[in-house]
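What follows is one structure encoded as structure tokens, with my remarks underneath.
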Amino acid sequence: MRPVEPIAWTREGVVMLDQRKLPGEVVYHTYTDYRDVAKAIKDMEIRGAPAIGVAAAMGAAIGVERSKATTLEDLRTEFSEICRTLAETRPTAVDLFWAIDRFKRRFAELAAEAPATNGTASLARIRTALVEEAQKVHQERRAADRRIGSFGAELMPKTGRVMTQCNAGALATGGIGTALGVIRVAVEGGSTFEVLVPETRPYLQGARLTAWELQQDGIPLTLITDNMVGHFMKTGTIGAVVVGADRIARNGDTANKIGTYGIAVLAREHGVPFYVAAPISTFDLSIASGEQIPIEERSAEEVTHIAGVRMAAEVPAAHPAFDVTPSKFIAAIITERGVARAPYEKSLSELAGG
């Protein structure tokens, strides 16, 4: 299996697959301005917590590489603005802030070394090093996805059905995916289950993206509407649910695409194990529980319209983009360093420290 590449660093700039146009069109854009990268994140041209982290890294790198600053202080000031712009794009996905913080630390290290050389050489070294750091972030994501897939595949059934939610595949990470990475590795190992894919209203990441990825890989799937989940939990021989995550609190509470919480409750009612697959960078151990996770509110138009066509009367509409699944509903959290189980405060801390 060769999963699609949603983002890549090239000599020409940051190349992104426009996920808003899938599956009807496969369109790539090349960006040379960090502000355009930030807009692509905000507008969901690229989405999925790990992929947002990769995009933020590349946005920071392209901003510094293409900067016209001629002194370290000017570059430092511009870099601060680059980070601020990127940080204002999506509030829930903690990988965004993980990447920005990583680049702030790396910039500070390089700037501290700068006085030892002349100004031009110092700026060139900083630019080169941050481009290398962005590529490293992407390489690490690919490797982490593969390890998550290997750990998670052992928890999947050999036959029957597996359910996922939203899109936690290659499109969401830049590797093989987290939840879909688990599914991919399980299939590579001989599992023959079918994947049930809820459409994931209102943005239809399940219908447009996950179904497309699985079809590209030749993995059997059935697309269902979101309100069919309970029916298939009750009658559909589902052996497991595996989803991704945008932020995981210290107690294991997990934010993921809206609708995930309802699936977790139904899974508990029907005795179906519910797994979260996510990299360590998605942990936010600074917050005690999911009550402290900021929930992004997106445009009401994404609820009232589909593909730009109004489907509802002109009425108010709510659009919380995420919900929080309490840890009591989560059978395990699968990471690149191993599998965490309750009590999560202990297991997540041990994995994060590892």
Sequence neighbours excluded and cut-off under 3.5 Å, please list the side-chain donor-acceptor pairs for residues 46-62, or say none.
{"from": "Arg47", "atom 1": "NH1", "to": "Gln19", "atom 2": "OE1", "distance (Å)": "3.0"}
{"from": "Arg47", "atom 1": "NH1", "to": "Asn167", "atom 2": "OD1", "distance (Å)": "2.9"}
{"from": "Arg47", "atom 1": "NH2", "to": "Asn167", "atom 2": "O", "distance (Å)": "2.7"}

Sequence neighbours excluded and cut-off under 3.5 Å, please list the side-chain donor-acceptor pairs for residues 227-243, or say none.
{"from": "Asn227", "atom 1": "OD1", "to": "Thr225", "atom 2": "OG1", "distance (Å)": "2.6"}
{"from": "Thr235", "atom 1": "OG1", "to": "His231", "atom 2": "O", "distance (Å)": "2.9"}

Between [Y] and [X], is there a side-chain donor-acceptor contact under 3.5 Å, judged purely by atom types and distance?
X	Y	result
Asp95	Ser281	yes
Ser67	Glu78	yes
Thr92	Asp246	no

For side-chain contact (heavy atoms from CB on, under 4.5 Å), just list the numbers for Val185 and Arg146, CA-CA rounded to whole Å, side-chain angles, deciding distance to a tenth of an Å, and then say yes or no.
CA-CA 8 Å; Val185 175; Arg146 177 58 62 175; 3.5 Å; yes
With hydrophobic residues grouped by side-chain heavy-atom distances under 4.5 Å, do Ile219 and Leu223 end up in a single group?
yes
Let's go through Arg142 and Glu5 carefully: what are the C-alpha distance in whole Å and the side-chain angles of both, what is the deciding distance for side-chain contact (heavy atoms from CB on, under 4.5 Å) to 0.1 Å, and is it a yes or a no?
CA-CA 11 Å; Arg142 291 190 186 103; Glu5 284 272 10; 3.2 Å; yes
Residue Glu297 excluded, over 12 heavy atoms near CD under 6.0 Å
yes
Are the side chain of [X] and the backbone of [Y] linked by a donor-acceptor contact shorter than 3.5 Å?
X	Y	value
Thr164	Val162	no
Arg208	Leu22	yes
Glu213	Leu171	yes
Ser191	Phe193	no

Under the side-chain contact (heavy atoms from CB on, under 4.5 Å) criterion, do Arg341 and Ser347 qualify, and how do the steps go?
CA-CA 6 Å; Arg341 297 183 185 274; Ser347 60; 5.6 Å; no
Are Glu133 and Arg105 close enough for a salt bridge, meaning some N to O gap below 4.0 Å?
no
Residues Glu188 and Arg184 bridged, charged N to O under 4.0 Å
no
Tell me whether the guanidinium CZ or amine NZ of Lys257 lies under 6.0 angstrom from the six-membered ring centre of Phe322 and within 45° of its axis.
yes
Among residues two or more places apart or on two chains, list those pairs meeting salt bridge (Lys or Arg N to Asp or Glu O under 4.0 Å) that have a residue in residues 159-168.
Arg161-Glu194
May I have all residue pairs that pass ring-ring contact (aromatic ring centres under 6.0 Å, His included) and include part of residues 52-102, sequence neighbours excluded?
Phe79-Phe107
For residues 166-187, which residue pairs pass the ring-ring contact (aromatic ring centres under 6.0 Å, His included) check, not counting sequence neighbours?
none
Pairs in or reaching into residues 301-319: which pass side chain to side chain donor-acceptor pair (under 3.5 Å), with residues at least two apart or in two chains?
Arg298-Glu302, Glu302-His319
Check the pair Tyr34, Arg66 against side-chain contact (heavy atoms from CB on, under 4.5 Å), reporting the backbone distance first and the verdict last.
CA-CA 9 Å; Tyr34 73 89; Arg66 304 298 172 106; over 6 Å; no
